[in-house]
Amino acid sequence: MKKLLEVKDLKKYFPIKGGLFGRQIGAVKAVDGISFDVREGETLGLVGESGCGKSTTGRLILRLIDPTSGSVKFGGKDILALDKNQMRKMRKDMQIIFQDPYASLNPRMTVGSIITEALEIHNLLKNKNDKETRVHQLLEQVGLTGAHARRYPHEFSGGQRQRIGIARVLAVDPKIIIADEPVSALDVSIQAQVINLLQDLQQDLGLTFLFIAHDLSVVKHISNRVAVMYLGNIVEMAEKNELYNNPRHPYTQALLSAIPIADPTVKRERIILQGDVPSPINPPSGCRFHTRCPYARDICKKEEPVVKTIGEDHIVACHLV
Amino acid sequence: MKRPVIEIKDLKTYFFVEEGVVKAVDGVSFEIAEGETLGIVGESGCGKSVTSISIMRLVPNPPGKIVGGQILFKGEDLLMKSEADMRKIRGNEISMIFQEPMTSLNPVYTIGDQIAESVMLHQNLTKREAFSRAVEMLDKVGIPASEKRVHEYPHQLSGGMRQRVMIAMALSCNPKMLVADEPTTALDVTIQAQILELMKQLRDEFNTAIMLITHDLGVIAEVADRVAVMYAGKIVEYTDVMTLFQKPGHPYTIGLLKSIPKLTGNHKRLEPIQGVVPSPLNLPQGCKFNNRCPYAREKCFEKEPELVEVEKGHSVRCWFHDQLQ
Amino acid sequence: MLTYIIRRSIMAVPILIGVATITFLLTFVFVPGDPVRMIMGQHADEATIDSIRDEMGLNRPLSVQYFDFVLKIFKGDLGRSYKTRRPVIESIAERFPATLRLGLSAMAVAIVVGITAGIVSAVKPYSVVDGIFMSLALLGISIPVFYLGLLLIVVFAVNLNILPVGGFGGGDIRYLILPAIALGTAQAARIARMTRSSMMEVIRMDYIRTARSKGLSEKTVIFKHALRNALIPVITVIGTQLGYLLGGTVLTETTFSWPGVGRMAVDAVQSRDFPMIQGTVLFMAIIFIVINLVVDLSYGWFDPRIRYE
Amino acid sequence: MVQKSKSNVIWKRLKKNKMAMVGLTITIGLLLIAIFAPAIVPYDPYTVDLSQSMRAPGQEGHLLGTDQLGRDQFSRLLYGARISLQVGIITQSISMVIGIFMGALAGYYGGKVDEFISYLINVFFAFPSLLFAIAIMATLGPGLNNIFIALGAVSWPGLARIVRGQVLQLKEQEYIEAIRALGGNDFKIIVKHILPNCMAPIIVTATLGVAGAILSEAGLSFLGLGAQPPMPSWGLMLSMGRTYVTTKTWLTIYPGLAIMITILGLNLLGDGLRDALDPRMKQ
């Protein structure tokens with residue numbers, strides 16, 4: 001399959017200012033050298049706990065935040081090299097869906113004008129009649145009706161708002177959608193509706209997804225491949241069944257064993273990790289996971305592990321594999 | 001079965017707002033025994049949190065008010081108690097932990113202060129004794145370097161650590177009952193695992209009755225002994241945890257179980273519950289679930305079903321529960 | 001904490017320079033016409049005026065004057081009055097104690113009355129007492145201090161004849177009462193309103209629910225858990241209020257013929273004595289900067305999150 | 001669900017608040033007085049008639065008495081509303097133009113722009129405001145036009161600080177990110193998405209700012225540094241009345257009352273707007 005998005009050695013350090021004269025005294029290493037590809041038509045899941053850098057990654061790819069270094073190629077083109085105008089055009093192909101359905105829609109605009117705005121930015125309207133038809137069509141595509149266009153966001157439930165956000169994204173007919181925790185703010189019964197919608201759209205429109213989430217069950221359900229992040233690094237990445245059935249990195253193993261399973265008959269051996277995730281300001285030396293890793297050895301403290309390929313499409317960054 | 005620590009009978013808590021009356025909790029009954037964990041599960045707005053603050057008698061008034069029912073704790077009705085008597089029970093015999101560890105501790109006092117405060121109040125200890133009790137509790141909940149940590153402020157601790165402090169505070173007076181309102185929802189999954197493990201361990205050690213409120217069926221399956229499923233202010237199903245997952249009796253429970261993605265097995269398409277939770281000011285006539293229920297028939301729109309025991313220890317609020325499986 | 005204090009203090013220096021620059025611009029650059037001529041009148045001869053200009057250093061290039069001006073401020077030299085030819089700082093030193101006396105008494109009354117009323121109102125919101133307090137507070141922020149001053153004079157000095165109409169009275173406390181009340185009322189009202197709203201906000205916080213769930217009495221919940229948090233924004237208000245208060249002294253001193261810096265500033269404006277105006281305004285600004293620095297530092301005590309920054 | 005726009009909801013909330021409606025009534029009343037003063041005054045406010053000097057209220061058809069020059073106080077007070085409202089509205093317009101521009105610039109772009117504007121704001125804030133206004137008036141000389149400049153210069157930093165804070169907060173909102181991701185340009189984002197959503201605190205601040213400006217003008221005129229005779233400025237009238245405070249109290253009481261009612265009305269309206277625009281603060 002063709003690689004649609006190629007990310008290489010992407011880094012983002014947020015400076016920390018302080019001291020007597022407000023100089024830079026350190027950096028939050030939010031994303032610290034990650035590489036991955038997303039193939040056309042697939043869903044790549046990006047999982048990790050809070051502060052691992054997964055949301056920052058999504059924003060870096062879209063250049064909503066400027067990366068410190070690294071490269072992002074979309075359809076073979078290096079988008080970090082684009083100027084403002086070229087980037088504006090490029091944005092049509094790459095879109096984002098957000099986590100909070102209450103914060104992602106302008107409360108002062110009607111649903112219709114929210115969607116129209118997206119169409120207008122990229123001059124996708126032929127004439128005035130076209131506007132209404134397109135808006136209705138988009139709303140229907142996400143399971144709402146044309147009558148909803150005249151209403152304001154506060155008149156909708158969380159799940160419906162998420163649908164409106166999706167309609168806005170679909171308006172510009174993107175090739176890839178970065179979905180940043182799109183269902184984690186929703187109730188269980190509504191979550192399923194939105195997940196199904198996303199899957200239907202992918203099938204109908206041939207979309208590619210980068211699906212960012214902390215919920216491993218959701219990620220497994222929707223993804224083809226899954227990458228696991230810890231403290232700004234990708235520690236393991238594989239085809240989803242391979243990753244969930246045969247996790248090789250100790251962090252992946254612990255993460256999987258920590259998920260509560262909605263079935264009281266399943267009895268598992270839990271790996272309970274000690275302590276908290278260390279601060280990304282001064283991340284641990286060597287392997288970043290060594291402070292919590294049950295198998296850590298001397299080498300883990302000293303040397304950063306290199307990424308190894310251990311099977312078809314299965315990579316892992318651990319000294320012990 | 002062990003004797004119940006608490007029995008809730010037909011509890012009703014309403015909120016009187018400008019637009020009308022919200023029947024947040026509308027006739028809820030359940031009981032919890034020593035050392036037992038009752039899980040209360042439901043989606044946002046179903047009344048599970050209001051149930052918990054009703055037990056603590058901390059419903060904000062106005063606009064909220066407990067308008068009916070009984071809360072029997074050690075045989076006495078908490079709703080009949082004076083505020084002064086109630087204060088002797090809160091934090092002492094019934095304790096509570098909350099969803100947001102980041103905001104549930106007072107930012108301007110050390111965690112030692114905050115734990116010791118409870119102990120001094122309820123156990124008549126001196127400040128010095130209370131502080132050593134605080135250190136002991138911090139040890140129990142697995143906070144390293146407790147002697148030093150006891151003098152730290154909440155903002156110096158991570159979310160997981162703060163939730164441990166909340167638990168230490170709640171258990172510091174050896175309560176008979178612990179009310180835990182979504183205690184792990186705000187935490188990461190590896191930290192959630194730590195906290196759930198800790199709660200199980202402490203329950204066994206102190207033989208506390210736990211009421212665990214959550215929206216996460218996974219958490220329920222892990223720690224609950226029995227479960228009450230709530231929808232629109234009412235319990236729709238009430239049974240032990242095995243039965244709930246293997247033989248769910250209410251269409252809402254069935255719907256919930258079908259709509260969550262599974263970690264094991266292959267992935268069929270999810271089957272979501274259609275529609276949205278109705279507005280609490282505008283609940284449907286008859287069964288409150290009728291507008292989303294795939295099995296709804298005429299009767300469901302006419303009359304609301306009672307919660308009936310369909311077999312021993314398994315109650316369901318549905319006209320057609322016998323025809324569902 | 002020490003770094004915090006030092007950093008905050010260092011940050012005040014550029015502000016001070018900015019304040020000095022604006023004052024300089026106002027008095028030397030934007031003034032239409034020649035200030036010396038304005039003072040000396042139309043009939044003074046050119047030679048006299050020029051010699052005064054020379055004496056004042058006004059014949060040097062502006063940039064030289066500016067650097068000289070800023071440097072002198074750091075040495076505590078605010079120039080000489082056009083009118084009396086005395087150093088401005090001397091006149092200020094003479095008058096400032098009276099202003100300080102007035103300002104401190106007003107603020108002390110305002111803080112005590114304001115915070116007490118705010119707490120009482122917040123604990124029983126929408127009660128009769130709250131209604132009365134908040135109506136009074138609303139009147140308090142709506143009444144001009146000079147009007148309140150005049151009303152107090154009419155009632156207590158003229159009609160009841162129990163307190164003096166004005167003047168300093170050689171430090172007699174009876175002379176202080178009316179001006180302090182006039183000046184402090186608006187501040188008390190603002191502090192009361194802020195305390196109330198801050199308190200009501202804090203009372204809704206999760207940690208207050210936690211405190212209640214521990215079985216603490218309402219008194220402990222309010223005075224131990226809520227108050228300290230609620231006071232953090234109130235302190236900010238007190239800080240900004242001191243600015244209004246310093247401005248208010250000008251009006252109060254004029255109303256009550258109180259011999260402070262404020263009245264001196266007004267007199268200076270009327271006689272177009274620019275170094276004097278500039279000196280008093282600058283001096284008050286410096287006082288205000290120092291006050292705000294102290295206020296900032298006091299956050300550290302109330303809020304450990306800042307202490308450990 | 002009935003369709004309703006946001007301003008409708010706000011108006012409904014405002015209507016329910018009795019105090020706010022009192023404030024609104026006072027404010028509208030003042031506006032009408034200011035507009036129609038020439039038509040409703042019983043006497044010309046500037047005509048000196050020494051034979052009518054110092055009439056007590058009610059005497060010889062002078063509702064609120066006359067001053068030392070025999071001018072009708074009631075008529076002068078009605079005309080005074082013109083001056084006060086002019087000061088309030090013009091000053092706040094100046095302050096809003098500068099404040100919103102500076103605040104939006106600083107908040108949206110951050111970095112060096114923000115550092116500079118924030119520094120400017122802090123410097124302006126370091127002056128006690130009335131003293132600063134006095135210093136400006138001393139430079140420019142007394143007069144109404146100079147009051148506009150002085151008070152505008154004093155009040156923009158407050159608004160700029162509020163706008164900056166709002167913009168800073170709003171630009172992190174996901175709906176702003178969404179437009180950026182779609183490729184919307186900065187100017188449109190600020191004007192179409194950010195500013196309309198921070199109108200609430202701007203309106204409240206400006207309403208209270210009108211009150212503050214009127215109060216400051218009265219203060220400056222009271223000190224003799226603002227409006228000059230024979231203008232019927234309330235502050236100036238008070239300062240004249242002060243000379244006779246022990247004998248002719250009506251010359252003090254009524255002008256002061258006029259200022260107080262005006263400020264009270266605006267404060268009530270400002271408070272009401274705050275509650276209506278930010279329902280979180282109430283309840």
Side-chain angles (χ1 to χ4, degrees), chain C residues 11-12 14-19 21-23 25-27 30-32 138-139 141-148 150-151 153-154 157-158 165 193 197 200-201 240 242-251 254-255 262 265-266 268-270 272 274 277-278 280-281 284-289 292, chain D residues 19 119-120 122-142 153-154 158 208 211-212 214-216 218-220 222-225 234-235 238-239 241-242 245-247 249 252-253 255-257 259-268 271 280-283:
Chain C
M11 274 159 69
I15 300 289
L16 194 61
I17 293 174
V19 164
T21 308
I22 290 183
T23 323
L25 289 175
L26 273 180
T27 32
F30 292 151
V31 176
L138 199 66
L139 286 179
I141 59 164
S142 302
I143 191 165
V145 341
F146 46 96
Y147 182 49
L148 179 61
L150 291 173
L151 289 182
I153 289 175
V154 169
V158 178
V165 174
R193 280 160 60 95
S197 71
M200 286 180 70
E201 188 128 317
T240 39
L242 285 162
Y244 287 103
L245 191 111
L246 290 174
T249 54
V250 181
L251 294 163
T254 305
T255 313
V266 177
V269 175
Q270 264 143 6
R272 314 219 58 159
F274 284 102
I277 302 167
Q278 177 194 63
T280 38
V281 170
M284 292 295 222
I286 293 169
I287 296 286
F288 192 33
I289 292 173
N292 273 319
Chain D
M19 298 297 263
Y119 171 68
L120 215 57
N122 285 334
V123 169
F124 272 76
F125 257 112
F127 289 98
S129 58
L130 188 68
L131 276 160
F132 193 30
I134 289 176
I136 299 175
M137 291 308 287
T139 302
L140 302 177
V154 171
L208 298 176
I214 292 177
L215 213 50
S216 300
L220 288 173
F222 177 76
L223 295 173
L225 312 176
W234 294 337
L238 255 181
S239 127
R242 189 185 156 228
V245 68
T246 50
T247 49
T249 44
T252 308
I253 290 181
L257 213 54
I259 303 174
M260 201 170 121
I261 291 172
T262 307
I263 305 300
L264 188 69
L266 286 163
N267 279 333
L268 283 171
D271 281 1
R280 194 179 53 95
M281 293 296 291
K282 237 189 144 192
Q283 288 167 23

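Chain naming here is simple, since letters A, B, ... match the order of the sequence lines and numbering starts at 1 in each. A quick note: this is a predicted structure, and the numbers were derived from the prediction, not measured.
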Given heavy-atom pairs under 4.5 angstrom as the criterion, report whether the side chain, backbone, both or neither of [X] touches chain C.
X	result
D:Thr249	side chain
D:Ala211	neither
D:Phe125	backbone
D:Phe222	side chain

Taking every non-hydrogen atom, the tightest pair across [X] and [Y]:
X	Y	result
C:Ile289	D:Ala126	CG1-CB, 3.8 Å
C:Gly247	D:Pro128	N-CB, 4.2 Å
D:Gly219	C:Phe146	CA-CE2, 3.5 Å
C:Ile22	D:Phe124	CD1-CE1, 3.7 Å

Between chain D and each of [options], count heavy-atom pairs under 4.5 Å; write down the option with the most.
options	answer
C:Ile277, C:Val158, C:Thr254, C:Asn292	C:Thr254
C:Val19, C:Val154, C:Leu151	C:Val19
C:Gly262, C:Ala265, C:Ala285, C:Ala12	C:Ala285
C:Ile287, C:Leu245, C:Leu242, C:Val266	C:Val266
C:Leu251, C:Leu148, C:Thr280, C:Leu246	C:Leu251
C:Ala157, C:Pro14, C:Gly248, C:Ala268	C:Pro14

| task | Test D:Ile134 against C:Val281 for side-chain contact (heavy atoms from CB on, under 4.5 Å), laying out the working first. | result | CA-CA 9 Å; D:Ile134 289 176; C:Val281 170; 5.7 Å; no
With rounding to the nearest 0.5 angstrom, report the [atom1] to [atom2] distance, [X] to [Y].
X	Y	atom1	atom2	value
C:Ser142	D:Leu264	OG	CG	4.0 Å
C:Leu139	D:Met260	CG	CE	4.5 Å
C:Ile286	D:Phe127	CD1	CZ	9.5 Å
C:Leu150	D:Thr246	CG	OG1	11.0 Å

Tell me whether [X] contacts the main-chain N or O of [Y] through its side chain, where contact means a donor paired with an acceptor under 3.5 Å.
X	Y	result
C:Gln270	D:Gly224	no
C:Arg272	D:Ala138	yes
D:Thr139	C:Leu26	yes

| field | Residue, of D:Ile136, D:Leu257, D:Thr247, that accumulates the most heavy atom pairs under 4.5 Å with chain C | value | D:Leu257
| said: Looking only at heavy atoms and a cut-off of under 4.5 Å, which of D:Leu268, D:Leu223, D:Ile259, D:Leu225 has the most pairs with chain C? | reply: D:Leu223
| request: Would you mind checking which part of C:Thr249 comes under 4.5 Å of any heavy atom in chain D, side chain (CB onward), backbone (N, CA, C, O), both or neither? | output: neither
| Where do C:Val269 and D:Met137 land on the side-chain contact (heavy atoms from CB on, under 4.5 Å) test, with the steps shown first? | CA-CA 9 Å; C:Val269 175; D:Met137 291 308 287; 6.0 Å; no
| remark: For C:Phe288, the ring-ring contact (aromatic ring centres under 6.0 Å, His included) test, sequence neighbours excluded, returns none
| message | Show, in sequence, the C-alpha distance, side-chain angles and deciding distance for C:Arg193 and D:Asp271, and conclude whether the side-chain contact (heavy atoms from CB on, under 4.5 Å) test is met. | response | CA-CA 11 Å; C:Arg193 280 160 60 95; D:Asp271 281 1; 2.9 Å; yes
| query | By side-chain hydrogen bond (donor to acceptor under 3.5 Å, both in side chains), which residues pair with C:Thr240, not counting sequence neighbours? | reply | none
| request: Starting from the C-alpha separation in whole Å, work towards a yes-or-no answer on side-chain contact (heavy atoms from CB on, under 4.5 Å) for D:Ile253 and C:Tyr147. | output: CA-CA 8 Å; D:Ile253 290 181; C:Tyr147 182 49; 3.9 Å; yes
